[in-house]
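As a basis for the values below, the full set of heavy atoms in this structure was taken, side chains included, without hydrogen atoms, waters or symmetry mates. Residue numbers begin at 1 in each chain, while the letters A, B, ... track the order of the sequences.
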Protein chains: 2
Amino acid sequence: MKQILVVDDEVRIAELCRDYLERAGYQVTLAYNGADALSLARTRHPDLIVLDLGLPHMDGLEVTRAVRTQSNVPIVMLTARVEESDKLVGLELGADDYLTKPFSPRELVARVRAVFRRIDLGPARADVIRAADVTLDVPRMQAKVGRRLVALTSTEFELLAMMMRQPGRVFTRGQLLDAVRGEQGESFDRAIDAHVKNLRRKLEPDPRNPRYVLTVYGVGYKFVDA
Amino acid sequence: MKQILVVDDEVRIAELCRDYLERAGYQVTLAYNGADALSLARTRHPDLIVLDLGLPHMDGLEVTRAVRTQSNVPIVMLTARVEESDKLVGLELGADDYLTKPFSPRELVARVRAVFRRIDLGPARADVIRAADVTLDVPRMQAKVGRRLVALTSTEFELLAMMMRQPGRVFTRGQLLDAVRGEQGESFDRAIDAHVKNLRRKLEPDPRNPRYVLTVYGVGYKFVDA
DNA sequence: ATCAATCGTGAACAGATTGTGAAGTGGATG
DNA sequence: CATCCACTTCACAATCTGTTCACGATTGAT
């Protein structure tokens, strides 16, 4: 279920938004000031933020900037001001849509749905991971080595994606297992070895002398960097 | 042509609205009390309702509630009161916009246009979707495989359309369910399997070896790409 | 150079995921 | 009110994947 963070200092409005969004099937968290909004954005990793521009102390634009330094989460802005310049600034900072108060909660829901639609099935934004001749197309769950298409299982794909997001960084088997299994049941570390074996068989030209997925003796694995 | 129902007990105001809205190209019906408004809303199925809150006998909010039990028609509210709480109540009940008396008829027209624009914009999507030998004529709800016409149910059509809009992208059963059921009631993921089975039976030459709708083990389904 | 620890690998197993026909449900239609 | 059709749910079989195991190969330290 999608999680939405609603930020507005006017409690009634915030709760109104929450009610409508929850009825539309979203999970909603509320924040009444910029500082809370930031910490919630960091800890809860919402899928979308509904943000009032006219917050006390910390302005909505500041919040936007701060959030943007850390994530690409879509933002729908609310504002009482109607000046065109605000719109431009807001959109430049990465707002995905814009509503002027007073607005109808139904329209808010419609906008939120539209944003999710654009993101979920829109012209897939750059959700591609590249490193050293290997390309991962995340929404398509497709891997390419050079021009050669490689079919991977979802676990193999997750594993490879995790390592490729930070090429050169060494991951322990425990970290890799957590990424794959959502840190649930405990399994043997050697399970990772098996996946690495299969990965290498599928994407290395010579699985005996790996070029991409390298072993770091006594620690774990890493994707080659540079 | 769009039809609009204007509800106001003050005859002069109602007629003023009618004149302006008709000049703007809409077809207008008038009602001077809540009861008439309700029955007209039921029989004429207007595309939008302009509703005065300060009606005698049956309050505008009551009318709104009653209308909402039956339809989702957009409502633009008029009111003499300017209190913020009224605004909120109105919006809570599902008004799409709000005007305070006295208002300029020109502004009313502008708001009405804006509401229609927001609605019509909708999920602007292509009328025809093509991918890999399959063609969907969306407005006609017609599917073709090569030259062969295939009859699909609306759910099957929606499902196929969702996947074909982004060939190759993998969709989870949850995403597909949302697209089909408007992310309302929860149903079993396996319902999607059943639809996929029926889809394949109808459009695959050999349903046991699908060419178009492919399974991605552990994730969901995708329409073949390229 | 030797040795204990670590890693690679193939095969076998267990468990989860999917395909499918049939039965059940609900709303639309006449 | 009866019928039909689409959608959902259920149960079981078929399939695929992830994990484990055992053993040989490799590594790094003494």
**Q.** Sub-4.5 Å side-chain heavy-atom contact between B:Val134 and B:Met164
**A.** yes

Q) Separation of B:Lys197 atom NZ from D:dA6 atom P, in whole Å? A) 14 Å

Q.
Strictly under 4.0 angstrom, non-hydrogen atoms only: write out the protein contact profile of nucleotides 21-27 of chain D, one letter per nucleotide from the 5' end, B, S or -.
A. S-----B

Q. Do B:Tyr212 and B:Arg200 get their side chains close enough for a donor-acceptor pair, meaning under 3.5 Å?
A. no

**Q.** Length of the CZ-P vector between A:Phe157 and D:dG18, whole Å
**A.** 14 Å

Q.
Taking only side-chain N and O atoms of B:Thr215, does any of them lie within less than 4.0 angstrom of OP1 or OP2 on C:dT17?
A. no

Q. Do B:Tyr20 and B:Tyr26 make the cut of ring centroids closer than 6.0 angstrom?
A. no

Q | Rounded distance (Å) that lies between atom C1' of C:dG10 and atom CZ of A:Arg200 | A | 16 Å

Q) Does a salt bridge link B:Arg173 with B:Asp193, judged by any charged N lying under 4.0 Å from a carboxylate O? A) yes

Q | Earlier contact from the 5' end, DNA chain C, for A:Tyr221 and B:Val196 | A | A:Tyr221

**Q.** Below 4.0 Å: OP1/OP2 of D:dC5 and any side-chain N or O of B:Thr153
**A.** no

Q | Side-chain donor/acceptor of A:Asp36 to backbone N/O of A:Ala31, under 3.5 Å | A | no

Q: Nearest whole angstrom, please: distance from the P of D:dG18 to the CG of A:Leu177.
A: 12 Å

Q | Separation of D:dT20 P from A:Asp189 CG (nearest whole Å) | A | 10 Å

**Q.** DNA chain C: 5'-proximal contact among A:Arg201 and A:Val216 (nearest heavy atom)
**A.** A:Val216

(Q) With a 3.5 Å distance limit and no angle check, can you tell me whether A:Glu22 reaches the backbone of A:Asp19 through a side-chain donor-acceptor pair? (A) no

Q: Using a 4.0 Å heavy-atom cut-off across all strands, classify A:Arg173 as base, sugar-phosphate, or nothing.
A: sugar-phosphate

(Q) If I take atom CG in residue A:Asn209 and atom P in nucleotide C:dC7, what distance separates them, rounded to the nearest angstrom? (A) 18 Å

Q.
Please report the interatomic distance NZ(B:Lys222) to OG1(B:Thr215), rounded to the nearest 0.5 Å.
A. 10.5 Å

Q: Output yes when at least one side-chain N/O atom of B:Arg208 is less than 4.0 Å from OP1 or OP2 of C:dT20, else no.
A: yes

Q) Taking for each residue the nucleotide of DNA chain D bearing the nearest heavy atom, is the 5' side occupied by A:Glu156 or by B:Asn198? A) B:Asn198

**Q.** B:Ile192 CD1 to C:dT17 P, straight-line distance once rounded to whole Å
**A.** 17 Å

**Q.** Out of C:dT20, D:dC7, C:dC7, whichever nucleotide has its closest atom nearest the side chain of B:His195
**A.** D:dC7

Q) Please give, in whole Å, the distance from C:dA11 P to A:Asp193 CG? A) 18 Å

